[in-house]
Amino acid sequence: MLAKRTPLNPPHSKLSSLSSYTFLSQSSTQINLPPDAHLKFLCLNGRLKEALIEMSILGTDVRFRGYDALITECVNRKALREGQLVHSHMIKTHYRAPVYLDTRLLIMYDKCGKLDDAREVFDGMPQRNIVSWTAMISAYSQRGFQSLAFGLFRWMLRTGLFPNEFTLATVLACCIGHLGLEHGRQVHSLAIKNNYNSHVYVGSSLLNMYAKASEIHDARMVFEFLTVRDVVSCTSIISGYAQLNLDNEALEMFRKLYNQGMECNYVTFASLLTSLAGLSALEYGKQVHGLVIRLQLPFYIVLQNSMIYMYAKCGSLLYARRVFDYMPERTVISWNAMLLGYGDHGLGREVLCLFKSMRDVKSDAVTYTAVLSGCSHGGLTEEGLGVFYSMVGDKEMEPEIGHYACVVDLLGRAGRIEKALEFIRNMPFEPSIAMWGSLLGACRVHGNVSAGEYVAQKLLSMEPKNAGNYVILSNIYADAGRWEDVVKVREMMKENTVIKEPGKSSINLNKTVHTFRSGDRSHPQKDKVNEKVRELYEKIREVGYTPDLSCVLHDVDDEQKERILLGHSEKLAIAFGLMFSSQGGILRVTKNLRICVDCHNFAKLVSKVTKRELSVRDSKRFHLMANGTCSCGDFW
DNA sequence: GTAGGGTTAG
């Protein structure tokens, strides 16, 4: 109970020679405190000025400890004003600070958010050591000034100073992305030369640097060579996979390390949940949620955000919303994750309602992307356009190319294709692949052949190898009965040696992910599954299904085309789900590409004849199919 | 005294 103690003032003449002060506690018990502790006590109680008066009469050696104690307090409490007072006191009293104290001042300014003042201290230092350099490099790096940080590091090397493990870990963290990779490799060889390579801080910084530059094999190599692994290095490799969408690898890595007894914290789970979202692995997601509760991890916003995203991506909007509603505090990312979830499901009204209720946080570029694409997926054209023009009017948020792409999508979906083309002509960006791609889809839905040809020409010149674009153009010609042109599309495809990304669909049953590929011949149950597809095919033919042969661009007869269509991965996954799931529940299928028209028709009618709800998540959005109709309104 | 991993889109 130091708070109410009053220091006894010993005669000043004795101060400098004293190594401790005597205090009287409330209960009159005498205790001794060293002078730096006393100063700290004054500082803690808002009596900094008294502390500084006492400082003026202390001997040099004691003043060093006193200043150190005061600056430490200021750093801990991020007390800039007090820190500035201590600094000016040092100047006014002509105190010659050793390199240690100057470094502490530099750190104080940095921690109080005063980067320029930190640099001023750094520049004014008569001497600098490795700690001063590292602290300054770290200050720049942590505020995102990567090139300034790296420049300082190079300057340090030129002075002949050698980096320690702190410097290396810091500087590697600012070698981010492809541009940083070259620098990062040089720092890596420096680390090898100095035997810091397997240091756990340097190592995790290093493997993170490689992963962020998409060099995941190098990242893994660094991880394998670590002699000591801790929660950060383990999380780094998992999140490395997760950030590159290598979701299976992330999950496998987590499982392996978890079984080896790795320590997990909220960052580990946040990264893992991103991958589980990618895998639509709802059951695993729930298990992680349960584990987080069992471990009694506190409400870290980052983790809750990841949880919202996972539930939404796994089709459980109710759970996503529950997590969102229970959050004691939210960031813009929490709102964005929820908005994106509603948008993915085509719930435009919910998107707008949530957007209007945003409080305490400022919307960012992602918020607007989520709202605009949500309006588009929900068919709310005018509302979406209103949001876009409010952005244009609001000077604080300059629309980016992605926002313009959303508007093209909005107009296209509403059938206002000429308007969309005009919008593209007048916008301040070069049109992107995404814009032409969404317009081509609009031309198909609205049967606009001439615009479709124009758009396809633009798109194919930018992206000649993407098979999906040819398929949609073929659909457009087929719908118009222009069969000769369908043949031409097929020939164009051959000329361009198009590489078709293999279609893949998966379904989660009994806590196992079952994945099917187009024309799958390797699945152990393939015969039964094919039989089931055939059975469904016969049933839906009775309610009006005809196969859309324009979805097949192989040069084969119609019978063969039908066979190819029936082998599409989502049909296999749906059939498998119907065979092995319990009656009544919703079937959730995830596909890596955009669903084709034929599979879309197939799934809608299957939902009708089997009276089962189907959820197909493709690369664009969710399609919720029930009783023969789809939540996308046949537009995607 | 100085250090490493993280959540939302595309």
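Lettering of chains follows the sequences in order, A, B, ..., and the numbering in each one begins at 1.
Checking the phosphate oxygens (OP1, OP2) of B/dG4, no side-chain nitrogen or oxygen of A/N208 falls inside 4.0 Å. Look at A/T274 and you'll find a side-chain N or O under 4.0 angstrom from OP1 or OP2 of B/dT8. Using a 4.0 Å cut-off, some side-chain N or O of A/S138 falls inside it from OP1 or OP2 of B/dA3. Taking side-chain N and O atoms only, A/K212 has no distance below 4.0 Å to OP1 or OP2 of B/dG4.
The distance from atom CZ of A/F269 to atom P of B/dT7 is 15 Å, rounded to the nearest whole Å. The interatomic distance linking A/L297 (CG) with B/dT7 (C1') rounds to 15 Å, in whole Å. Straight-line distance from the CE atom of A/M125 to the C1' atom of B/dG1: 10 Å, rounded to whole Å. The interatomic distance linking A/M327 (CE) with B/dT8 (P) rounds to 13 Å, in whole Å. For the pair A/L372 CG and B/dG10 C1', the interatomic distance rounds to 14 Å; values are reported in whole Å. If you take CZ of A/R321 and P of B/dT8, they are 20 Å apart, rounded to a whole angstrom. Across the protein-nucleic acid pair, A/L340 atom CG and B/dG10 atom C1' stand 11 Å apart, rounded to whole Å. If you measure from atom CZ of A/R143 to atom P of B/dA3, you get 12 Å, rounded to the nearest angstrom.
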For residues 358-372 of chain A, which side-chain donor-acceptor pairs fall under 3.5 Å, sequence neighbours excluded?
| unit_1 | atom_1 | unit_2 | atom_2 | d |
| --- | --- | --- | --- | --- |
| A/R359 | NH1 | A/S357 | O | 3.4 |
| A/K362 | NZ | A/E396 | OE1 | 3.0 |
| A/D364 | OD1 | A/N336 | ND2 | 3.1 |
| A/D364 | OD1 | A/V366 | N | 3.1 |
| A/D364 | OD1 | A/T367 | N | 3.0 |
| A/D364 | OD1 | A/T367 | OG1 | 2.9 |
| A/T367 | OG1 | A/N336 | OD1 | 2.7 |
| A/T367 | OG1 | A/D364 | N | 2.9 |
| A/T367 | OG1 | A/D364 | O | 3.4 |
| A/T369 | OG1 | A/A365 | O | 2.9 |
| A/T369 | OG1 | A/H403 | NE2 | 3.2 |

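Base contact: A/S204 has a heavy atom under 4.0 Å from a base atom. Note on A/T134: a base of the nucleic acid sits closer than 4.0 angstrom, heavy atoms only. If you check every strand for non-hydrogen atoms under 4.0 Å, A/V332 touches nothing. Residue-level contact check: A/V171 touches neither bases nor backbone, having no heavy atom under 4.0 Å from any strand. Across all strands shown, A/Y309 has heavy atoms under 4.0 Å from sugar-phosphate atoms exclusively, and none from any base. A/V99 comes within contact range of at least one nucleobase, with a heavy-atom separation under 4.0 Å.
Evaluation of atom-type donor-acceptor distances gives no pair under 3.5 Å for the side chain of A/D68 against the base of B/dG1. Judged by distance alone, with hydrogens and angles left aside, A/S205 brings no side-chain donor or acceptor close enough to the base of B/dG4 to form a pair under 3.5 Å. A donor-acceptor contact under 3.5 angstrom links the side-chain atoms of A/Y266 to the base of B/dG6.
Closest to the side chain of A/S233, out of B/dA3, B/dG1, B/dG4, is B/dG4. Between B/dT8, B/dT7, B/dA3, one nucleotide has an atom nearer to the side chain of A/Q243 than all others, and that is B/dT7. Picking from B/dG5, B/dT7, B/dA9 the nucleotide with the shortest atom distance to the side chain of A/I333 gives B/dT7. If you check B/dG5, B/dA3, B/dG1 against the side chain of A/N265, the one that comes closest is B/dG5. Of the candidate nucleotides B/dG4, B/dG6, B/dT2, B/dT2 has the atom nearest to the side chain of A/N164. Closest to the A/N129 side chain, of the nucleotides B/dT2, B/dG1, B/dG5, is B/dG1. Looking at the side chain of A/Q142, the nearest of the listed nucleotides B/dG4, B/dG1, B/dG5 is B/dG4. Of all nucleotides listed (B/dT2, B/dA3, B/dG5), B/dG5 comes nearest to the side chain of A/T268. Taking the side chain of A/T103 as heavy atoms from C-beta on, and the options B/dG4, B/dG1, B/dG6, the nearest nucleotide is B/dG1. Checking B/dA3, B/dG6, B/dG4 against every side-chain atom of A/F166, the shortest atom distance belongs to B/dA3.
With 3.5 Å as the limit, one finds no donor-acceptor pair spanning the side chains of A/Y311 and A/R322. A/N197 and A/H188 share a donor-acceptor pair across their side chains, judged by distance under 3.5 Å alone. Side-chain atoms of A/Y241 and A/N248 form no donor-acceptor pair, as typed in the model, at a separation below 3.5 Å. Using modelled atom types, one finds a donor on one side chain and an acceptor on the other under 3.5 Å when comparing A/D618 with A/H623.
Side chain of A/S205 to main chain of A/Y201: no donor-acceptor pair is present (N/O by atom type, distance under 3.5 Å, no hydrogens or angles).
For A/T134, the side-chain contact (heavy atoms from CB on, under 4.5 Å) partners are A/I130, A/N164, A/F166, A/T167, A/T170, not counting sequence neighbours.
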